[in-house]
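A short write-up of the structure that comes next.
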Amino acid sequence: MAKPYIQKILPFDANKDREISLSWTGNRSQANRIIISDYETNTVIFDDTVSSFALKHTIPAHTLTNGKKYVIQAQTYDVENNASALSDKVLFFVFETPDFYFKDLPENNAINNSTFTANIYYYSADWEDIGKYVFYLYDSAKKQLLQSNELTDDFNINYTYRGLDNNTVYYIRCVGLTVNGMELDTGYVEITVKFENPNQYARLYATPVPKQGCVQAATNIIIIQYNGTDSFEYIDGMIDLRGKTLYYDKGFLIKDDFTVLIRGINLWQTAEIFKMSNGESGLTLSSRIYDEGKLRFKLTVPNGISNYILYSDEQVFTNTDMVTVAIRRKNNIYQIKVLIEPGNVKEGNMWYGTLRPPRQLMDDNDVWIDTSGDTAVVHKDNYTAFLGKNEPFVAILNDLWLGGD
């Protein structure tokens, strides 16, 4: 006997209405019935018949429970109320709609660079892993300009948009699927690209010239141009020079005393960092990590047949710390000084349990503590971290004590 066919059911949120579709090749159907059972217990959860010539049936919101598996069968009735055989059983899942949106966007979604890395926040209350996703770029009329390759990294869900035009409005979007086929969509998010191309000096010095009835303007800022072929990215106001060299060979000359500030992160390394020369004299700033786990900066200045060498104090810092190296020359005497600004490492949540939490549920700064029992999260706002050799007296449940000096 003929039986209907249930078209594929992608995972959906049980808190929302869901329409399913049937296929039928027998006499015209005037009604259809669906039967939904719990996969684990085989208990019938929903048995419903609707009168309709359309081969569709709606599962009302809150009929099922998110995070569970169900089995569905269907049956059709012709105009004489003859019932078909039950369809084959179809397994499907219901999940709470995961959080899936762009995070860490700048204020007012204003992008101040032609390159922009978009990051996605993904969280599934039912531990449903993300499977694949694609990023899109649209113009102000939502005409598609770009589509990324299909990406599958479930830990760092991001994409770098490049070559954005200045003073332009765009829309960005990300669409994905979970491992079980649940559809994800950030929707269209408007961004505005606006960055400065300096065409005038930022600092002017004005001197009145009364006899001529005018003001003389001057500046000590010199605009210099890079003459190489490499391309560079600017991240949080800093140029990314990892694995690259940036050099200038035209546009300015330092003749007398000066102070140079080299400022950056990711400087925990043994390497040459900075060089400058006027053709006759110059200097080199380098760094070296010693066996005892400390670093010194070294200033080398050619001085006739030998070198003038100056070392900084011993330094200990991390690659998230902001490091400023100041080099000063006055009357041919050099000085070097190092300033360390602790990096801003975000505090994360704590996870307890036997099983490591899925990567897509953990932020970069989360910590997992392997203990007995089911895995559960303690959000960062609900605990305090103490650092010191003495156990704190005011600690409460879930607080973290890191013993040490």
Side-chain angles (χ1 to χ4, degrees), residues 1-101 120 122-134 136 138 142 144 147 150 171 173-189 360:
M1 186 175 182
K3 56 186 177 182
Y5 169 77
I6 301 175
Q7 297 184 13
K8 184 177 181 179
I9 303 176
L10 295 176
F12 61 91
D13 191 334
N15 295 322
K16 303 175 183 178
D17 290 349
R18 179 68 172 193
E19 185 179 77
I20 65 169
S21 298
L22 312 176
S23 296
W24 167 247
T25 57
N27 295 330
R28 185 177 185 184
S29 170
Q30 59 85 26
N32 64 74
R33 174 193 181 198
I34 60 171
I35 305 169
I36 299 177
S37 303
D38 186 294
Y39 175 78
E40 302 291 341
T41 65
N42 206 33
T43 302
V44 174
I45 304 298
F46 185 64
D47 187 340
D48 186 55
T49 302
V50 297
S51 297
S52 173
F53 291 110
L55 293 171
K56 297 181 182 297
H57 205 119
T58 297
I59 304 173
H62 310 295
T63 300
L64 308 177
T65 303
N66 281 323
K68 301 189 68 173
K69 293 182 287 186
Y70 293 94
V71 172
I72 184 172
Q73 286 184 284
Q75 191 174 32
T76 61
Y77 297 86
D78 63 17
V79 292
E80 297 179 355
N81 208 34
N82 295 315
S84 71
L86 287 171
S87 69
D88 293 333
K89 293 182 178 180
V90 172
L91 176 68
F92 68 95
F93 301 83
V94 289
F95 302 122
E96 183 176 333
T97 302
D99 293 331
F100 186 73
Y101 56 84
I120 292 291
Y122 177 77
Y123 172 79
S124 169
D126 299 305
W127 304 70
E128 168 75 347
D129 291 342
I130 190 170
K132 56 185 178 181
Y133 49 93
V134 177
Y136 296 90
Y138 305 86
K142 296 184 180 178
Q144 184 177 314
Q147 176 180 331
E150 190 175 276
Y171 286 92
R173 183 187 181 199
C174 186
V175 175
L177 287 175
T178 68
V179 291
N180 286 303
M182 193 172 194
E183 296 177 344
L184 307 167
D185 193 341
T186 62
Y188 296 88
V189 177
Q360 77 274 9

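The analysis underlying the following values was restricted to heavy atoms, covering all of them including side chains, and did not include hydrogens, waters or symmetry mates.
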Value rounded to 0.5 Å, distance of [atom1] in [X] from [atom2] in [Y]:
X: I35; Y: I72; atom1: CD1; atom2: CD1; value: 9.5 Å
X: N27; Y: N82; atom1: CG; atom2: CG; value: 8.0 Å
X: L64; Y: F12; atom1: CG; atom2: CZ; value: 5.5 Å
X: D13; Y: H62; atom1: CG; atom2: NE2; value: 8.5 Å
X: Y77; Y: T49; atom1: OH; atom2: OG1; value: 5.0 Å
X: I34; Y: L86; atom1: CD1; atom2: CG; value: 12.0 Å

Under the side chain to side chain donor-acceptor pair (under 3.5 Å) test, which residues partner [X], sequence neighbours left out?
X: Q30; value: none
X: T25; value: none
X: D88; value: K3

Notebook entry, point to check: So which pairs with a foot in residues 49-76 pass salt bridge (charged side-chain N to carboxylate O under 4.0 Å, His left out), sequence neighbours left out?
Noted result: D38-K68
Set of side-chain contact (heavy atoms from CB on, under 4.5 Å) partners for [X], sequence neighbours left out:
X: D48; answer: F46, V50, H57
X: S87; answer: P4, I6, Q73, A74
X: T58; answer: D17, E19
X: T186; answer: F100, F102, I120, R173, C174

Considering non-hydrogen atoms only, spot the tightest contact between [X] and [Y] and give its length.
X: P98; Y: Y122; result: CB-CE1, 3.5 Å
X: A31; Y: S51; result: CB-CA, 4.0 Å
X: E96; Y: A125; result: OE1-CB, 3.8 Å
X: T65; Y: Y70; result: N-OH, 3.0 Å
X: R18; Y: L10; result: NH2-O, 3.7 Å

Non-neighbouring partners of [X] that pass ring pair (Phe, Tyr, Trp, His ring centres under 6.0 Å), sequence neighbours left out:
X: Y101; answer: Y121
X: Y171; answer: none
X: Y138; answer: Y188
X: F95; answer: F93

Side chain [X], main chain [Y], donor-acceptor under 3.5 Å:
X: T76; Y: S84; value: no
X: N32; Y: L55; value: no
X: D126; Y: E128; value: no

Using side-chain heavy atoms (C-beta onward) and a distance below 4.5 Å, is [X] in contact with [Y]?
X: K16; Y: T97; result: yes
X: L22; Y: Q75; result: no
X: D78; Y: R28; result: no
X: T178; Y: I130; result: no

Check: Does atom OH of Y136 have more than 12 heavy-atom neighbours from other groups under 6.0 Å away?
Finding: yes
